[in-house]
Participant: 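Following this message is one structure expressed as structure tokens.
The model shown is predicted, which means the values in this text are computed figures rather than measured ones.
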Amino acid sequence: MRRKSNKTKTIFENVTVVDAGAKGKTIGKAPDGRVIFLNNTVPGDVVDVQTTKKRKAYFEGTATKFHTLSDKRVTPVCQHFGTCGGCKWQDMGYDHQLFYKQKEVENNLIRIGHLELPEITPILGSKKQYFYRNKMEFSFSDSRWLSLEEINSDAEIKDRNALGFHIPGMWDKILDIEKCHLQEDPSNAIRLETKDFALKNDMSFFNPRNQHGLLRTMMIRTTSTGEIMVLVQFFENDKTKRELLLSHLQLKFPEITALLYVINAKQNDTIYDQEIICFAGRDHIFEEMEGLKFKINAKSFYQTNSDQAFELYKITRDFAGLTGNELVYDLYTGTGTIAQFVAKKAKKVVGIEAVPEAIEDAKANAVFNKIENTSFFAGDMKNIFNEEFIRENGTPDIIITDPPRDGMHKDVVAQILAISPQKVVYVSCNSATQARDLELMKDDYKITKTQAVDMFPQTHHVENVVLLEKR
């Protein structure tokens, strides 16, 4: 391996890519032993690397020449692969994706948490490897991302409008998407028709730098029962053009269950502080799971892979080992999906969540599903989950916790240890923070089961469920 360098860049030749790491990066080694994090290779490739960042302990780089292609490679199905950052592992065979996801979970639990693990249950793969997402968000832009061919061309580029995804790391550049392989039809048809109709009717696309334009974002949600929600976010309040577009979508796609809009003139495009207005149909859609119905509105959180969420919740319930006599606490309950899913096998389930709107959804869903043994409370977990709360609601036999990517606050971990339930089922979308939390609990609890679940094929993301039992 030779190294060439000048003041601006370093090139390493014949680097063997040996592993896949966090955040979808792959890993090679520099001649001095430092790690090189790569963004466009597959383990097994042999490449020349041009570095883009140099740090004390590692480099970041891009492969500029491929000497040997890995036998783990497959041909990406999406024409946007490599530019769009949504499916970074689409060039890696699915079995290999699962291998590296499971390896990451095990490494995090052992290296970060210094934990003793039982025999590892193989990762549960997804039956659907494409078209598995039930929610997609697209952005309008009047200054779309240009390809190198377009930039180097002498031709005048007249069409700069886009409806698609942000280029990774660039808040103001949108890649125009022709076909996305993440959400089932009619998602692609609705998006393409919206763009086409807007262009034909002289509707302006948003410019985030200058803060002008009519059309801002579009969200499409689907359910396993065939219901569809479409929400269009407008920056400008042009009633005529707004109603023209929405009426067209209503006519063209009568299968849309909830056709909604937002008028948002603030700096950012988050909708959580905005009024959602129903143009046609309902203001919500319903998802169904094991006979339970869940009402989903535009602001609701719901697992974005419905099929695998069902598998994840079954594993969680199985790990809990409920007999019908247990008081269960469901921490970070969201809209109460796990709580209601396990309720029929528990004496009572108490759910806690920071977002008040999510708790209102949870309560409404429980009433709708005629579930009478659940209670839901809104509040910051580290504040509400205290001794007074335990006195009022009872000491749990089992705690299920499904925190956000940052994991649990140390005060929450301390409270779980103080309560000392017989079992804790920890569901995580980030095994690194899960491992950190579990290390704090390892003197009191042993891990008796661990199960990784792939919710997001073609990406590096992976969920993991761990069962802790009192020592």
Participant: Any idea how F341 and Y313 line up, ring-wise: parallel (<30°), tilted (30 to 60°), or perpendicular (>60°)?
Facilitator: tilted
Participant: How far apart are the C-alpha atoms of V466 and V427, what are their side-chain angles, what is the distance that settles it, and do they pass the side-chain contact (heavy atoms from CB on, under 4.5 Å) test?
Facilitator: CA-CA 7 Å; V466 167; V427 184; over 6 Å; no
Participant: Could you check whether N237 and R242, counting side-chain N and O atoms only, form a donor-acceptor pair closer than 3.5 Å?
Facilitator: yes
Participant: Just wondering, do L322 and V328 contact through their side chains at under 4.5 Å, heavy atoms?
Facilitator: yes
Participant: Taking the side chain as C-beta and beyond, is there a heavy-atom pair between Y332 and I352 under 4.5 Å?
Facilitator: no
Participant: Distance from E178 atom CD to N188 atom CG, nearest 0.5 Å?
Facilitator: 10.5 Å
Participant: Does NZ belonging to K241 count more than 12 external heavy atoms closer than 6.0 Å?
Facilitator: yes
Participant: Sorted by first residue and then second, give each side-chain hydrogen bond (donor to acceptor under 3.5 Å, both in side chains) pair with at least one member in residues 276-304; sequence neighbours left out.
Facilitator: S224-E287, E227-R282, E287-S306, E290-R317, E290-K344, N297-S300, N297-D361, S300-D361
Participant: Between E439 and R436 (side chain of the first, backbone of the second, donor and acceptor by atom type, cut-off under 3.5 Å), is there such a pair?
Facilitator: no
Participant: Return the minimal non-hydrogen interatomic distance between I384 and F377, and the atom names on each side.
Facilitator: CD1-CB, 3.9 Å
Participant: Salt-bridge test for K195 and D176: reply yes if a basic N is under 4.0 Å from a carboxylate O, no otherwise.
Facilitator: yes
Participant: So does G394 get a backbone contact from the side chain of Y329, meaning a donor-acceptor N/O pair under 3.5 Å?
Facilitator: yes
Participant: Using a distance-only test with no angle check, is there a side-chain donor-acceptor pair under 3.5 angstrom linking N365 and K363?
Facilitator: no
Participant: Given Q434 and N108, is the side chain to side chain donor-acceptor pair (under 3.5 Å) satisfied, shown in steps?
Facilitator: CA-CA 9 Å; Q434 183 186 43; N108 283 340; over 6 Å; no
Participant: Yes or no on side-chain contact (heavy atoms from CB on, under 4.5 Å) for D397 and K423, after CA distance, side-chain angles and deciding distance?
Facilitator: CA-CA 7 Å; D397 304 294; K423 295 178 184 176; over 6 Å; no
Participant: Show, in sequence, the C-alpha distance, side-chain angles and deciding distance for K200 and D196, and conclude whether the salt bridge (Lys or Arg N to Asp or Glu O under 4.0 Å) test is met.
Facilitator: CA-CA 6 Å; K200 286 177 179 175; D196 184 59; 3.0 Å; yes
Participant: Using side-chain heavy atoms (C-beta onward) and a distance below 4.5 Å, is N39 in contact with T62?
Facilitator: yes
Participant: Looking at D172 and R209, is there a salt bridge between them, counting it only when a charged N and a carboxylate O are closer than 4.0 Å?
Facilitator: yes
Participant: Identify the heavy atoms of A378 and P356 that sit nearest to each other, and give their distance.
Facilitator: CB-CA, 4.0 Å
Participant: Using modelled atom types only, decide if a donor and an acceptor are shared between the side chain of H409 and the backbone of D411 within a distance under 3.5 Å.
Facilitator: yes
Participant: So that I can tick it off, tell me whether D437 and K410 are bridged by a salt bridge, with the cut-off set at under 4.0 angstrom between side-chain N and carboxylate O.
Facilitator: no
Participant: Can you name the closest pair of heavy atoms from P122 and Q451 and give their distance?
Facilitator: O-NE2, 2.7 Å
Participant: Answer yes or no: does atom CD of E387 have more than 12 heavy-atom neighbours from other residues, nucleotides or ligands under 6.0 Å?
Facilitator: no
Participant: Ring of F235, cation from R216 - is the NZ or CZ under 6.0 Å from the centre and inside 45° of the axis?
Facilitator: no
Participant: Side chains of I27 and L38, heavy atoms from C-beta outward: is any pair under 4.5 Å?
Facilitator: no
Participant: Could you tell me whether a side-chain N or O of Q308 sits under 3.5 Å from a main-chain N or O of M455, the two making a donor and an acceptor?
Facilitator: no
Participant: For W89 and A20, work out which heavy atoms get closest and say how close.
Facilitator: CZ2-CB, 3.9 Å
Participant: I'd like to know if the side chain of T459 reaches the main chain of F456, judged simply by a donor and an acceptor atom lying under 3.5 Å from each other, with no hydrogens or angles considered.
Facilitator: yes
Participant: Assign the ring pair F286 / F368 to parallel, tilted or perpendicular, where the plane angle (0 to 90°) is split at 30° and 60°.
Facilitator: parallel
Participant: Sequence neighbours left out, what passes side-chain contact (heavy atoms from CB on, under 4.5 Å) with T374? Give chain and number order.
Facilitator: A343, V349, A366, I371, F376
Participant: For the residue pair T270 / N268, report whether a side-chain donor-acceptor contact shorter than 3.5 Å exists.
Facilitator: yes
Participant: Measure the OG1-CD distance between T217 and Q233 for me, rounded to the nearest 0.5 Å.
Facilitator: 3.5 Å
Participant: Charged N to carboxylate O under 4.0 angstrom, K101 versus D454?
Facilitator: yes
Participant: Apply the test salt bridge (Lys or Arg N to Asp or Glu O under 4.0 Å) to residues R391 and E388: give CA-CA distance (whole Å), side-chain angles for both, the deciding distance (0.1 Å), then the verdict.
Facilitator: CA-CA 5 Å; R391 282 197 300 271; E388 182 183 353; 5.2 Å; no
Participant: Do F206 and S139 touch side chain to side chain, with heavy atoms closer than 4.5 Å?
Facilitator: no
Participant: Looking at E137 and I220, would you say the former's side chain and the latter's main chain have a donor-acceptor pair under 3.5 Å?
Facilitator: no
Participant: Please report the closest heavy-atom contact between E236 and H212, naming both atoms and the distance.
Facilitator: OE2-C, 4.1 Å
Participant: To the nearest 0.5 angstrom, please state how far the CE atom of M218 sits from the CE atom of M136.
Facilitator: 12.5 Å
Participant: Just to verify, which of H181, Q90, Q97, Q129 counts as forming a side-chain hydrogen bond (donor to acceptor under 3.5 Å, both in side chains) with Q458?
Facilitator: Q97
Participant: Between atom OG1 of T26 and atom CE of M92, what is the distance when rounded to the nearest 0.5 Å?
Facilitator: 7.5 Å
Participant: Atom NZ of residue position K127 - does it have more than 12 heavy atoms of other residues, nucleotides or ligands inside 6.0 Å?
Facilitator: no
Participant: Does NZ or CZ of K128 lie under 6.0 Å from the centre of the six-membered ring of Y130, at an angle within 45° of the ring axis?
Facilitator: no
Participant: Just wondering, more than 12 heavy atoms not from K25 lying within 6.0 Å of its NZ?
Facilitator: yes
Participant: Under a 3.5 Å distance rule, please check whether D330 uses its side chain to pair with a backbone N or O of I338 as donor and acceptor.
Facilitator: no
Participant: Measure from the side-chain N and O atoms of D318 to the backbone N and O of K314, and report whether any donor-acceptor pair falls under 3.5 Å.
Facilitator: no
Participant: Would Q183 and Y132 satisfy side-chain contact (heavy atoms from CB on, under 4.5 Å), going step by step from the backbone distance to the final call?
Facilitator: CA-CA 6 Å; Q183 189 175 37; Y132 58 80; over 6 Å; no
Participant: Any non-hydrogen side-chain atom of N161 less than 4.5 Å from a side-chain atom of L199?
Facilitator: yes
Participant: Assess the residue pair F165 and I167 against the criterion (side-chain contact (heavy atoms from CB on, under 4.5 Å)); give the C-alpha distance rounded to whole Å, side-chain angles, the decisive distance to 0.1 Å, and a yes or no.
Facilitator: CA-CA 6 Å; F165 301 127; I167 293 289; over 6 Å; no
Participant: Enter the distance from L467:CG to F319:CZ here, rounded to the nearest 0.5 Å.
Facilitator: 6.5 Å
Participant: Closer than 3.5 angstrom, by distance alone: can the side chain of T333 be matched with the main-chain N or O of E353 as a donor-acceptor pair?
Facilitator: no
Participant: When you check the gap from the basic side-chain N to the acidic O, do R160 and D142 get nearer than 4.0 Å?
Facilitator: no
Participant: Do T337 and T335 have a side chain donor and acceptor closer than 3.5 Å?
Facilitator: no
Participant: Would you say that V42 contacts V74 through its side chain, given a criterion of any heavy-atom pair below 4.5 Å between the two side chains?
Facilitator: no
Participant: Just so I know, are the side chains of F253 and L259 near enough to count as touching, which here means a heavy-atom distance under 4.5 Å?
Facilitator: no
Participant: I need the L468 CG to I398 CD1 distance, nearest 0.5 Å.
Facilitator: 12.0 Å
Participant: Does R144 reach the main-chain N or O of D159 with its side chain, forming a donor-acceptor pair under 3.5 Å?
Facilitator: yes
